[in-house]
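Worksheet for the structure shown next.
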Amino acid sequence: MSLIWRHSSGCIVTALWVALSGATVVAQNGSQFKDWKASLLDAKPIEPHASCASLLALSGFELSVTTASIVPASAEAPEFCRVSGQIQPEIRFEVNLPSAWNGRLYMFGNGGYAGEPLDAPGRIATTRRALARGFATAQMNTGHDAAVEPLGTFAASPQKFLDYGYRGVHVTALAARRILQAFYDAPPRHAYFDGCSTGGRQGLVSAQRFPDDFDGIVVGAPVLDFAGTMIGYVNNQRALSAAPITAEKLKGIADTVYGKCDASDGLRDGLIDDPRRCAFKTSDLPRCPDDADGPSCFTSAQMHALDLIYGGVKRNGAEIVPGWPVGAEIAAPSPNGSVVSGWLPWFLAAPNARPIEVLFGETFFKYLAFGRPNPNYDWTTFSVDADFDKLQGTRLTLDATNPDLSRFKARGGKIVSYFGWADPALNPMMGVNYYESVLRQMGPSTSEFYRLFMVPGMFHCGGGIGTSTFDAFTPLVEWVEKGAVPQSIVGSRLADGKVVRTRPLCPYPEVAQYKGSGTIDDAASFTCGRP
């Protein structure tokens, strides 16, 4: 079956396909390009130099072009040449070439364990948004088909594991450049990558490993510490298994957290600007009389479980996984109109279902973690003390934690990154900790090429209760091509399709500060500054 989660702007936040024993999550910011400006189209469009059908001849030992055909103009996109094919061994790719090209390549990433069909509705929509602005587009499935090899089972093939880890994006970018050159007799003036979740990790991998592939990269909620994320999932699910917490109790947690933390930034506006400044403790929750479980109280065991989640994972006193920030417990509108906690379906699941943390964590430890598949491995037995060192080979392939971005910076590359402070899927501290590691490595000049925008109240790649509808891509292009440094990005919160609040999203460590007058629902009433 297919469950598609959208926030009120209509962008796909999470699409969960469950087939047999597998699931794939796709995350992409559907608000990209919404602020696109005519001033960014000042170059003369480039017309084709060769016929679309002639691109079939590009097939060779490693690259096979299976189709190359003209797609007529429609209400969503102009006329373009659609090229599809395969890169050895099984990287399915698609490159789309508009008949009037703006000279830019736009490649977008994948979600979860990838393997998505390239014609999935969300991927088609993303492609059409870029084509409508004159971009050539590229995408791929990372080297496997999730319908055949669900979740992490593809990693039984060492090459598919490497393709998923880092090779897929790189070789597809190279293939796209080759196709562009053949069709237009010109290379791209600029190349961009845009991704969230797994796509965010792919963007950072590109900057770290292949700094010449892209001029600008949007890095949304990256699972940059992949192994650490899965260790965090083990920690969370062991805690919740030992002391189950029902979905009904999440409202009690959220009410207590926001009652304690909302005004910690000096403004009671329903948002937590930075949960690290929140003084919430699990002892603030209503305790069950005689420690007997009830619908609106918490036992000592349940409080301990929450302490484990909020406390993170340590090894020999050193932090391995940061504690999960508070804030994602709150409920927000879901696709069907109901109001659902951000913890669903990540930490907890509906009856007769499994949380995504379980699905993703279990498959990681069975198929990716230790270098060879072990389908019988009980992932809940993982010990950070005994087993952490066994993950180092996998971390070298999957993690994007290298803070040395000097090669990317030296060639003029730019990164616009964002992360929701209320992300229930990926720990927001990953984004903060990585940015601070780059700052330590590269110094104050970091902000000259890399900016991180933390979004209060936003769930995974969008949604939630914050101003989570925003265009991170247009500011990136303006930064790369016009030198316009993004001092802030205006985010909107939508309800029933209407804007009910705007707020500036500020480059970390700055936050939006109320000026003292004007409505708190208008971005003009705020300025960015250090807390």
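For the atom pair CG of Leu97 and CD1 of Ile70, the computed distance is 8.5 Å after rounding to the nearest 0.5 Å. Atoms CG and OG1, on Leu40 and Thr474 in that order, are 7.0 Å from each other to the nearest 0.5 Å. Annotation: the span from Lys498 atom NZ to Ser492 atom OG amounts to 15.0 Å, rounded to 0.5 Å. To the nearest 0.5 Å, atom OG1 of residue Thr394 and atom CZ of residue Phe365 are 10.0 Å apart. Ser74 OG to Leu131 CG: the interatomic distance, rounded to the nearest 0.5 Å, is 9.0 Å.
The minimum heavy-atom distance linking Ala68 with Leu56 is given by the pair N-CD2, 3.9 Å. Residues Val218 and Ala472 come closest through the heavy atom pair CG2-O, 3.9 Å. Among all heavy-atom pairs drawn from Val223 and Arg201, the shortest one is O-CD, 3.2 Å. Nearest heavy-atom pair, Pro486 versus Pro475, reported as atom, atom and distance to 0.1 Å: CB-CB, 4.2 Å. Taking both residues in full, the closest heavy atoms of Gly216 and Leu476 are given as C-CD2, 3.5 Å, listed atom of the first, atom of the second, then distance. Closest non-hydrogen pair, Phe183 versus Ser51, comes out as CE1-C, 4.0 Å.
A donor-acceptor pair under 3.5 Å is formed between the side chain of Asn102 and the backbone N or O of Arg133. Distance alone, capped at 3.5 Å, places no donor-acceptor pair between the Asp163 side chain and the Gly168 backbone. Under the 3.5 Å distance criterion, the side-chain polar atoms of Glu357 are left unmatched by any main-chain donor or acceptor of Asn236. Not a single donor-acceptor pair under 3.5 Å links the side chain of Thr397 to the backbone N or O of Leu162. Here the side chain of Asn427 pairs a donor or acceptor atom with the backbone of Pro322 at under 3.5 angstrom. At least one donor-acceptor pair closer than 3.5 Å links the side chain of Asp215 to the backbone N or O of Ala191. When atom types are taken as modelled, the side chain of Thr172 and the backbone of Met140 share no donor-acceptor pair closer than 3.5 angstrom. Side chain of Gln202 to main chain of Asn110: a donor-acceptor pair is present (N/O by atom type, distance under 3.5 Å, no hydrogens or angles). Counting only distance, with no hydrogens or angles, the side chain of Asp471 and the backbone of Lys34 share a donor-acceptor pair below 3.5 Å. Proximity of a side-chain donor or acceptor of Thr467 to a complementary backbone N or O of Thr502 within less than 3.5 Å is not detected.
Aromatic rings from Phe370 and Tyr377 are positioned such that their centres are separated by under 6.0 Å. Ring pair Tyr184/His49: centre-to-centre distance not below 6.0 Å. Between Phe214 and Tyr192, the ring centre distance reaches or exceeds 6.0 Å. Between Trp379 and Tyr233, the ring center distance fails the sub-6.0 Å criterion. For Tyr508 and Phe453, the ring centers sit 6.0 Å or farther from each other.
Scored by the side chain to side chain donor-acceptor pair (under 3.5 Å) test, Gln181 finds no partners at all (sequence neighbours excluded). Taking the side chain to side chain donor-acceptor pair (under 3.5 Å) definition, one finds that Arg209 meets it with nothing, sequence neighbours left out. Residues meeting the ring pair (Phe, Tyr, Trp, His ring centres under 6.0 Å) test with Phe449, sequence neighbours left out: none. Remark: Arg395 pairs with Asp399 by the side chain to side chain donor-acceptor pair (under 3.5 Å) rule, at least two apart or across chains. Listed by chain and residue number, Glu481 satisfy the salt bridge (charged side-chain N to carboxylate O under 4.0 Å, His left out) test with Arg104 (two or more places apart in sequence, or in another chain). With sequence neighbours left out, the side chain to side chain donor-acceptor pair (under 3.5 Å) criterion links Gln392 to no other residue.
Side chain to side chain, His460 and Ser197 meet the donor-acceptor criterion of an N or O pair below 3.5 Å. If you check the side chains of Gln86 and Ser64, you find no donor sitting under 3.5 Å from an acceptor. In this model, no donor atom of one side chain and acceptor atom of the other lie less than 3.5 Å apart for Asn141 and Glu116. There is a side-chain donor-acceptor pair under 3.5 Å between Thr137 and Asn96. Side-chain polar atoms of Gln208 and Asp404 form no donor-acceptor pair below 3.5 angstrom. Judged purely by distance below 3.5 Å, without hydrogens or angles, the side chains of Thr126 and Arg123 never pair a donor atom with an acceptor atom. Between the side chains of Asp194 and Tyr106, at least one donor N or O lies within less than 3.5 Å of an accepting N or O.
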Side chain to side chain contact (heavy atoms under 4.5 Å, CB included) assessment of Phe364 paired with Leu398:
CA-CA 11 Å; Phe364 171 79; Leu398 290 180; 4.0 Å; yes
Does the pair Thr67 and Ser84 meet the rule for a side chain to side chain donor-acceptor pair (under 3.5 Å), with working shown?
CA-CA 5 Å; Thr67 64; Ser84 62; 2.3 Å; yes
Residues Asn235, Val321; criterion side chain to side chain contact (heavy atoms under 4.5 Å, CB included); working and verdict:
CA-CA 9 Å; Asn235 176 66; Val321 180; over 6 Å; no
For Lys414 and Val480, run side chain to side chain contact (heavy atoms under 4.5 Å, CB included): C-alpha distance rounded to whole Å, both residues' side-chain angles, the deciding distance at 0.1 Å, then the answer.
CA-CA 6 Å; Lys414 301 291 188 288; Val480 169; 3.8 Å; yes
Evaluate the criterion salt bridge (Lys or Arg N to Asp or Glu O under 4.0 Å) for residue pair Asp212 and Arg411; output intermediate values, then yes/no.
CA-CA 8 Å; Asp212 294 328; Arg411 68 174 301 275; 3.4 Å; yes
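For the ring-ring contact (aromatic ring centres under 6.0 Å, His included) condition, the pairs that include at least one residue of residues 406-427, sequence neighbours left out, are Tyr418-Phe470. Within the structure, salt bridge (charged side-chain N to carboxylate O under 4.0 Å, His left out) pairs that include any residue of residues 62-71 comprise Glu62-Arg167 (at least two apart or interchain). Sorted by first and then second residue, the ring-ring contact (aromatic ring centres under 6.0 Å, His included) pairs involving residues 118-152 (not counting sequence neighbours) are Phe33-Phe135, Trp36-Phe135, Phe135-Phe473, His144-Phe154. A side chain to side chain donor-acceptor pair (under 3.5 Å) check over residues 358-368, counting only residues at least two apart or in different chains, returns the pairs Arg354-Glu362. Applying the salt bridge (charged side-chain N to carboxylate O under 4.0 Å, His left out) test to pairs two or more places apart or on separate chains, none has a residue in residues 173-192. Annotation: salt bridge (charged side-chain N to carboxylate O under 4.0 Å, His left out) contacts involving residues 81-98, sequence neighbours excluded, comprise Arg82-Glu94, Glu90-Lys160.
Taking a cutoff of 4.0 Å between a charged side-chain nitrogen and a carboxylate oxygen, Lys37 and Glu478 qualify as a salt bridge.
Residues Met230 and Phe226 form a side-chain contact, since some pair of their non-hydrogen atoms from C-beta on lies under 4.5 Å apart.
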